[in-house]
Amino acid sequence: MIPWLTLAIALPAIGAAVIWALPRVKAPAASGGASASVAASAEAGSGTATATKARPATGGAASAELAKRLALGFSVATLLLVVVMALNFDTSGAGGLQFEEVYPWIPYFGVHFAVGVDGIALVLILMSVVLVPLVVLAAWREHDDRDDGGRGYFALILALEAMMIGVFAATDVFLFYVFFEAMLIPVYFMIGRYGRGADRAKAAMKFLLYSLAGGLIMLVAVIGVYVIGGTFLWTELTDPGGALAAVDPATARWLFLGFFIAFAIKAPMWPVHTWLPSAAGSSSPGTAVLLVGVLDKVGTYGMLRYCLEMFPAAVSWFVWPVVALSLVSIFYGAILAIGQSDMMRLVAYTSVSHFGFITLGIFALTQQAQAGAALYMVNHGFATGALFLIVGFLIARRGSARIEDFGGVQKVAPKLAGVFLIAGLAGLALPGLAPFVSEFLVFVGVYAFSPVPAIVAALGVVLAALYILWMYQRTMTGPTPEKLAKLPDLSGRETWAVAPLIALIIAFGVYPQPLLNVINPAVERTVEAEADTEVAVADGDAEGDEE
């Protein structure tokens, strides 16, 4: 059997190691030499000014250019590998794990290198490996002014890709925890070292502290699961006849809460969301794509995979509190997005709102709602990824992320304005674009669960239209300021970076069935397991009453 998932994790990890191993060439001391710096044309001020950026020495520049090509090559190779793996996925199964690999890792503690995917994990891995090469392309010239030419940034992207695949594929709870925490390291440096603005170090530290706090709480729950269940293997922990299934109800609720708090921080849900706007606002656009497009999905994926499937008897105790928090997230994120003057922070707050829809769908506990939530994770990654990339293109041209510094862009850069409009309309779930299908399924499933939260959540769509269309109006329409008169349109490289996302948004908006065919069996398994648990609990309560 081909170890698909091990290869998918190893390939970008090897790429990161190769890039780090490239020879380091420091720029010589400033002496007026031609190799000390190069003149680079930059769109700033009037749009015609020429700025001189510090660049690595000739050898360093060559090393940085090779690093970019290696990053692109390894990320594309990983994408092709995962696509071939996905083509071998059996969608007619019962929603169980496929491509399983289990190898002893730390036998004394019963820890395994165990990986496998169901339909939900597979589509999230596919989303991740699609986004990474596009981020590499978009960030090609973004860090040329760094002393390493951005080489470290591209190595960190590949290291993060390996961990993202690992966290979605892990079927050993301890291995999942290792990947869950290890992801923090590359992201911390991607924000703190390669971010933007004076507050990037502070934002990186805030991201790290929030994530570590959630991770430590989850570690206590992981230890508790092992003590009670006697294993870290997810397949054994979710066995209806296993030790974890017979755990005391009060203990199960505490364990559920330990995992849920960590996932709520990662997602992020209100009120533990405050790290996200700071981190995304201080990140480079490429980092923001991976942070919001992929890493945040680990939280909602964890709720489905670990909270619901390992502790089905405890879920009913938390359904309505989570539904209430989800509704608050929808409106809080949307209202704060409307008031933002920074485009990066605006898009970050829209994600807080969108994640409210995802968690609402997960905890509605109906097949339509959970299928919609799983599909929403993928479609949100593509739509928000496109928005962040396009905002990044605008920042690179104007040198500012402030909405008030733009206007009339569609007159001078129609292609840029066009893709911005499509990505924005996807963000408000316009029919015909991919997020609409996800949102519709969530509403249908939540209404079947309870009409009131479905109706309340639907009002959030109105706010989405407001913050998206208002941002587009203020940046793209109206008179063109003199400073933007010569704003360049999308380049060939930028078009290649954003066009695949626009194509996927349209394709899955018109025909989402291929993704749903992969997702539905896994969702059916989760919903059936929850229903069986509720029946068993009800029968147990009835027997207790008779006695």
State, without any angle test, whether Ser438 and Asn379 hold a side-chain donor-acceptor pair at a distance under 3.5 Å.
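There is such a pair (donor and acceptor under 3.5 Å, judged by atom type) between the side chains of Ser438 and Asn379.
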
Listing request: all ring pair (Phe, Tyr, Trp, His ring centres under 6.0 Å) pairs with a residue in residues 349-375, at least two apart in sequence or in separate chains.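 Pairs touching residues 349-375 that pass the test: Phe260-Phe363, His354-His380, Phe355-His380, Phe357-Phe443.
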
So for atom OH, which belongs to Tyr447, do other residues, nucleotides or ligands contribute more than 12 heavy atoms lying within a distance under 6.0 Å?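 No, OH of Tyr447 has 12 or fewer neighbouring heavy atoms, counting only those of other groups under 6.0 Å.
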
Heavy-atom check, side chain of [X] versus side chain of [Y], under 4.5 Å:
| X | Y | result |
| --- | --- | --- |
| Ile403 | Ser341 | no |
| Val419 | Leu501 | no |
| Ile125 | Leu5 | yes |
| Leu175 | His112 | no |
| Phe179 | Val298 | no |
| His273 | Ser329 | no |
| Trp254 | Leu257 | yes |
| Phe263 | Arg305 | no |

Which atoms form the tightest heavy-atom contact between [X] and [Y], and what is the distance?
| X | Y | result |
| --- | --- | --- |
| Pro285 | Gly392 | CG-CA, 3.2 Å |
| Ala348 | Ala280 | CB-CB, 3.7 Å |
| Ala8 | Val82 | CB-CG2, 4.0 Å |
| Gly215 | Phe180 | CA-CE2, 4.3 Å |
| Ile390 | Ala423 | CD1-CB, 4.0 Å |
| Ala465 | Leu428 | CA-CD2, 3.9 Å |

Looking at [X] and [Y], would you say the former's side chain and the latter's main chain have a donor-acceptor pair under 3.5 Å?
| X | Y | value |
| --- | --- | --- |
| Tyr301 | Phe168 | yes |
| Glu309 | Thr238 | no |
| Lys297 | Val292 | yes |
| Glu236 | Phe232 | no |
| Trp270 | Gly356 | no |
| Thr171 | Ala114 | yes |

Can you name the one residue among Val294, Thr300, Asp296 that meets side-chain contact (heavy atoms from CB on, under 4.5 Å) with Met377?
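Testing each of Val294, Thr300, Asp296 against Met377, the sole residue satisfying side-chain contact (heavy atoms from CB on, under 4.5 Å) is Thr300.
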
(message) Taking the six-membered ring for Trp, are Phe449 and Trp320 closer than 6.0 Å centroid to centroid?
(response)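 Ring centroids of Phe449 and Trp320 are less than 6.0 Å from each other.
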
| query | How about Phe176 and Tyr306: are their ring centres within less than 6.0 Å of each other? | reply |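 Close enough - the centres of the two rings lie under 6.0 Å apart.
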
Determine, stepwise, if the pair Val173 / Met310 fulfils side chain to side chain contact (heavy atoms under 4.5 Å, CB included). CA-CA 11 Å; Val173 178; Met310 288 203 307; 4.2 Å; yes

Please round to the nearest 0.5 Å and tell me the distance separating atom [atom1] of [X] and atom [atom2] of [Y].
| X | Y | atom1 | atom2 | answer |
| --- | --- | --- | --- | --- |
| Met163 | Ser128 | CE | OG | 14.0 Å |
| Ile217 | Leu212 | CD1 | CG | 11.5 Å |
| Gln98 | Glu100 | CD | CD | 9.0 Å |
| Tyr210 | Thr274 | OH | OG1 | 2.5 Å |
| Leu158 | Thr78 | CG | OG1 | 7.5 Å |
| Met303 | Thr359 | CE | OG1 | 6.0 Å |

Quiz item: With sequence neighbours excluded, what pairs up with Asp239 under the side chain to side chain donor-acceptor pair (under 3.5 Å) test?
Solution: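 Once residues adjacent in sequence are excluded, Asp239 has no partner under the side chain to side chain donor-acceptor pair (under 3.5 Å) criterion.
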
With sequence neighbours left out, which residue pairs that include part of residues 360-371 fulfil the side-chain hydrogen bond (donor to acceptor under 3.5 Å, both in side chains) condition?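 Pairs touching residues 360-371 that pass the test: Gln367-Glu524.
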
### Message
Checking Val391 against Leu346 for the side chain to side chain contact (heavy atoms under 4.5 Å, CB included) test, could you report, in this order, the C-alpha distance in whole Å, the side-chain angles of both residues, the deciding distance, and whether it holds?
### Response
CA-CA 11 Å; Val391 167; Leu346 189 154; over 6 Å; no

Might you work through the side chain to side chain contact (heavy atoms under 4.5 Å, CB included) test for Phe388 and Leu291, ending with a clear yes or no?
CA-CA 11 Å; Phe388 272 125; Leu291 180 65; over 6 Å; no

Query raised in the report: Is the Tyr472 ring parallel, tilted or perpendicular to the Phe420 ring (thresholds 30°, 60°)?
Result: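 Tilted, since the angle between the ring planes falls between 30° and 60°.
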
| task | Check the pair Phe508 / Val378 against side chain to side chain contact (heavy atoms under 4.5 Å, CB included), numbers first and verdict last. | result | CA-CA 10 Å; Phe508 290 134; Val378 179; 5.7 Å; no

